Amino acid sequence: MPDQGVPEHKEPGGADPCTDDDEIVTWWGLVIEGYHVTQERLMAEIAERFALSPASFDILVRLIRSPDHRLPMTRLAHEAALSSGGFTKVADRLAAADLIEREPCETDRRVTYAVLTEHGRETAEQARKACADILRKRVLAPLGTEMSASLAEAMRTLRESNGDANSPR
């Protein structure tokens, strides 16, 4: 029998419009706190093992997953959510470390590609593997496969329902 003061109607997606304000704000706070502490641990281990900042690691992973391990620099900056100046600084550090090189486009002088060097490919592969191992320990072990997949699906849903329609992600 339903509670007298709570209507049975639910919003699309199963949302209960009567969820207590403090409860829903607390839920969201837990999501944010859980993400931040996990991300901090993950990036600290990546930095310790590979001397990579979070932005550098993100760029290397994007490049290792791209065809020919290269992307236009403007697209890479946009996908990594970096300003052009911020991306230039990261790209300069990656180039100085022999992880990427800049390659001009043969058909469009306005386009420059960021391309992984051989050292960059090796580092990116090792860092990606280490990241997966860390995530197995920090996310998969405490949550299990089913809950981890549910969490990923929930985040995908939030990204799609709240994201910018023009966003490449």
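Just so it is clear, the model here is predicted, and its values are computed rather than measured.
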Heavy-atom side-chain contact between [X] and [Y] under 4.5 Å:
{"X": "R102", "Y": "V115", "answer": "no"}
{"X": "I46", "Y": "I134", "answer": "yes"}
{"X": "M155", "Y": "E160", "answer": "no"}
{"X": "F87", "Y": "I59", "answer": "yes"}
{"X": "F57", "Y": "M43", "answer": "yes"}
{"X": "K89", "Y": "R93", "answer": "yes"}
{"X": "D92", "Y": "T88", "answer": "yes"}

Answer yes if [X] and [Y] sit in the same cluster of Ile, Leu, Val, Met, Phe, Trp and Tyr residues linked by side chain heavy atoms under 4.5 Å apart, and no otherwise.
{"X": "L116", "Y": "V111", "answer": "no"}
{"X": "W27", "Y": "V25", "answer": "yes"}
{"X": "I32", "Y": "M147", "answer": "yes"}

Which value, rounded to the nearest 0.5 Å, describes the distance between [X] atom [atom1] and [Y] atom [atom2]?
{"X": "I100", "Y": "H119", "atom1": "CD1", "atom2": "NE2", "value": "12.0 Å"}
{"X": "L151", "Y": "L140", "atom1": "CG", "atom2": "CG", "value": "11.0 Å"}
{"X": "T112", "Y": "L76", "atom1": "OG1", "atom2": "CG", "value": "12.0 Å"}
{"X": "T38", "Y": "K137", "atom1": "OG1", "atom2": "NZ", "value": "12.0 Å"}
{"X": "E103", "Y": "M73", "atom1": "CD", "atom2": "CE", "value": "12.0 Å"}
{"X": "D58", "Y": "E79", "atom1": "CG", "atom2": "CD", "value": "9.0 Å"}

Side chain of [X], backbone of [Y]: donor and acceptor closer than 3.5 Å?
{"X": "N162", "Y": "L158", "value": "yes"}
{"X": "R49", "Y": "A127", "value": "no"}
{"X": "S56", "Y": "L52", "value": "no"}
{"X": "D68", "Y": "R70", "value": "no"}
{"X": "T117", "Y": "G120", "value": "yes"}

Criterion side chain to side chain contact (heavy atoms under 4.5 Å, CB included) against E125, the qualifying member of V61, L60, I64
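The side chain to side chain contact (heavy atoms under 4.5 Å, CB included) with E125 is passed solely by I64 among V61, L60, I64.
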
Is it the case that more than 12 heavy atoms not belonging to [X] sit under 6.0 Å from its [atom1] atom?
{"X": "E106", "atom1": "CD", "answer": "no"}
{"X": "E23", "atom1": "CD", "answer": "yes"}
{"X": "L135", "atom1": "CG", "answer": "yes"}

Hydrogens and angles aside, do S148 and T145 bring a side-chain donor and acceptor to less than 3.5 Å of each other?
no

Go through the steps to decide whether E45 and R41 satisfy the test salt bridge (charged side-chain N to carboxylate O under 4.0 Å, His left out), and finish with yes or no.
CA-CA 6 Å; E45 289 189 47; R41 292 272 177 102; over 6 Å; no

Run L42 and C131 through side chain to side chain contact (heavy atoms under 4.5 Å, CB included) and show every step you take.
CA-CA 7 Å; L42 172 66; C131 179; 3.8 Å; yes

Considering all heavy atoms, the nearest P72-Y113 contact:
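Closest heavy-atom pair between P72 and Y113: N-CD2, 3.5 Å.
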
